[in-house]
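Taking it in order: structure first as structure tokens, then the write-up.
What you are looking at is a predicted structure, and each value in this text was computed from that prediction instead of being measured.
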Amino acid sequence: MIGFAAAGKTYSTLLGRRKVVALDDLSLDLRLGEVVGIAGPNGAGKSTLISLLLGFLNPSRGQVTIEGLSARRFVETRGVGYLTELVNLPPRWRVTDLLRRMAVLSGVPAAEVQSRVEAAIADLGLEEHRHKQVRQLSKGNLQRVGLAQALLGDFDVVVLDEPTHGLDPVWTARFRDVVARLRRPDRLVLIASHNLDELERLADRVAILNRGRLTRVVDSASHSGEEQSIAWRLILEGSPDVASRLPGATPVEGRAGTWRAMATRTDLSAALGQLLTAGAILVECVPEESRLAAEFREAVDE
Amino acid sequence: MTRHPSRFRYLPWLARDVARGPGVLFLMAAVVGSVIVWRVAERTGSSPDPGFVQATTFAAVNVILMLVATGGMVNTDVQQGFYRAWFSKPMAPWWFYLQRWLLGGLFVLATPIVYGALLALLLGNGMGVNVALLVQLALSYLLVGSAVFLVSTLQRLDWLIVFILSSAEQALHRLAQSSLELPATLEFAYRILPPFHLIGIGGPTLSGGPLWHVVGYGTGMLVLALVVLLTRPLGSGGRA
């Protein structure tokens, strides 16, 4: 479906004196039916990757193709549902008009434009904002309008750049339902986000970028696996000898009975078994970071 | 989604944008201009020919009219980041902006018709539609409008750049017509700049070599603008 073949992008000044490699030697295949996450620290190349994917930039090296076509050619003929990181829309346009325009541009048949717009307004809770100008919207409402315009067309490729940016917790949760409904066998959904928890919940695979390079691709099978060592926080009562049973465990200063340990699930289960047999009472045992977060930390530290 | 949607599906919305932008300005200018002429004619007891009034007015505002009709056409969308919403949809930028450019031309040509009709109504004589003026304005739009379109695909302040180029070319033309001999660089600049001096309003309608000079230059810049949009990505950075 989408293929990045040794793709790279270098930005240079007009005379080429200063060059910045934003993306380097990226090879990645994305398939229909997948929800793929893109994660990375600031400046990792996520936005450049999306611009290449939409044909808003040409790669300096390698190729980016969608169904065998150049990215730009694909977008111009088939379109992509795209939510930008910063939602930029003409400030004086009214929400309903804006959505009608975007539906028309998306190629929605004239007879369906109104119903599609009404459905988007209802889905994204924009009823009370429908007559407002874009400039009168709060950040969260603007984000919802951005999401609505991206989803008006029934596109095979959907790209969401920081989709929950500015959304309140209620709408962040509802957004997950929206993405769940987007998932279908003939569609690829790509989500770029800093929110690893969100990516872990939504994506089948997460590509981690760092300094313009793809450092690893974590798929759901591996990040739900057992052998990944992550940080845990434990609260135990009964003065057990935690350090000897769970190597590397360290007490948290100032909090009696609280320990921090790096361990796989298997090792932790075994150690906890021994501790409970020895009379300890387990009050709490929570992962301090998600498995994806652990992978992310390792990838960025590499 | 329709797999092969109409290429003209967004045209009504573009027409609405041009009508609400340059169109409203042109209409207001036509109303104000015709009322001023009518009041002056009433006070002086004269009865000027609407065709003559039109030609005199458009001779004064010709270039400004073209700049208002086309200024910032591509560049505003790029600078503001609007292009990301428009062109993630199945729409090619070259086609989108060609439609916008053609609509700008239609509104430019509609302005003297409205102005002439108002003058004819208020002054009570004349037809108000001057075909020679329409031809001159169309040629002017082809040259100046295409220049702004081309610059707009590459650079900010397109209208200002074209205004400066137009003023410079006309100054060089006057110098070249005088007894002064132009230095080689200025002579070269005069030769390569678009022939803005040929698009004066009110004079004889262009024909022969000057006509082809204007048409060739205008069409060339229009085609070049479309080629830029076809080949050059609109983005300049990850988020830009």
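- A pairwise comparison of heavy atoms in B:Thr231 and A:Asn58 identifies O-ND2, 4.0 Å as the closest pair.
- Counting non-hydrogen atoms of neighbouring residues, nucleotides and ligands closer than 6.0 angstrom, the CZ atom of A:Arg135 exceeds 12 such neighbours.
- Summarising the geometry, atom CZ belonging to B:Arg84 is positioned 9.0 Å from atom CG belonging to A:Leu86; distances are rounded to the nearest 0.5 Å.
- Listed by sequence position, B:Arg16, B:Asp17 are the residues of residues 15-22 of chain B in contact with chain A, using a 4.5 angstrom heavy-atom cutoff.
- Contact residues of residues 67-76 of chain A toward chain B are A:Arg72, A:Val75, A:Glu76 (heavy-atom distance under 4.5 Å).
- Between B:Arg9 and A:Val104 there is a side-chain heavy-atom pair separated by less than 4.5 Å.
- Applying the 6.0 Å contact sphere to CD of B:Gln155 captures no more than 12 heavy atoms from other residues, nucleotides or ligands.
- You'll find the side chain of A:Ser106 stays beyond 4.5 Å of the side chain of B:Met91, heavy atoms only.
- Around atom CZ of B:Phe163, no more than 12 heavy atoms belonging to other residues, nucleotides or ligands sit under 6.0 Å away.
- No more than 12 heavy atoms of other residues, nucleotides or ligands sit less than 6.0 Å from atom CZ of B:Arg156.
- For B:Trp13, the CH2 atom counts as densely surrounded, since its 6.0 Å shell holds more than 12 non-hydrogen atoms of other residues, nucleotides or ligands.
- Between chain B and the residues A:Ala103, A:Gly55, A:Ala22, A:Pro90, the most heavy-atom pairs under 4.5 angstrom are made by A:Pro90.
- Counting heavy-atom neighbours within 6.0 Å of B:Trp159 CH2, excluding the residue itself, gives a total of 12 or less.
- For A:Phe56 and B:Phe87, the gap between ring centers reaches or exceeds 6.0 Å.
- Chosen from B:Pro233, B:Ala92, B:Ala85, the residue pairing most often with chain A at heavy-atom distances under 4.5 Å is B:Pro233.
- Contacts from residues 136-149 of chain B to chain A, taken as heavy-atom pairs separated by less than 4.5 Å, involve no residues at all.
- For B:Glu187, the CD atom sits in a packed shell: over 12 heavy atoms of surrounding residues, nucleotides or ligands are nearer than 6.0 Å.
- Of the listed residues A:Leu54, A:Leu152, A:Leu23, A:Asp97, the one with more heavy-atom pairs under 4.5 angstrom with chain B than any other is A:Asp97.
- Within the 3.5 Å criterion, the main-chain N or O of B:Pro90 finds no donor-acceptor partner in the side chain of A:Arg78.
- Heavy-atom distances place both the backbone and the side chain of B:Trp86 under 4.5 Å from chain A.
- Side-chain atoms of A:Tyr82 and B:Lys89, non-hydrogen and from C-beta on, never get closer than 4.5 Å to each other.
- Contacts classified as ring-ring contact (aromatic ring centres under 6.0 Å, His included) and involving residues 97-126 of chain A (residues at least two apart or in different chains) are not found.
- Expressed to the nearest 0.5 Å, how far OG of B:Ser88 lies from CG of A:Leu105 amounts to 8.5 Å.
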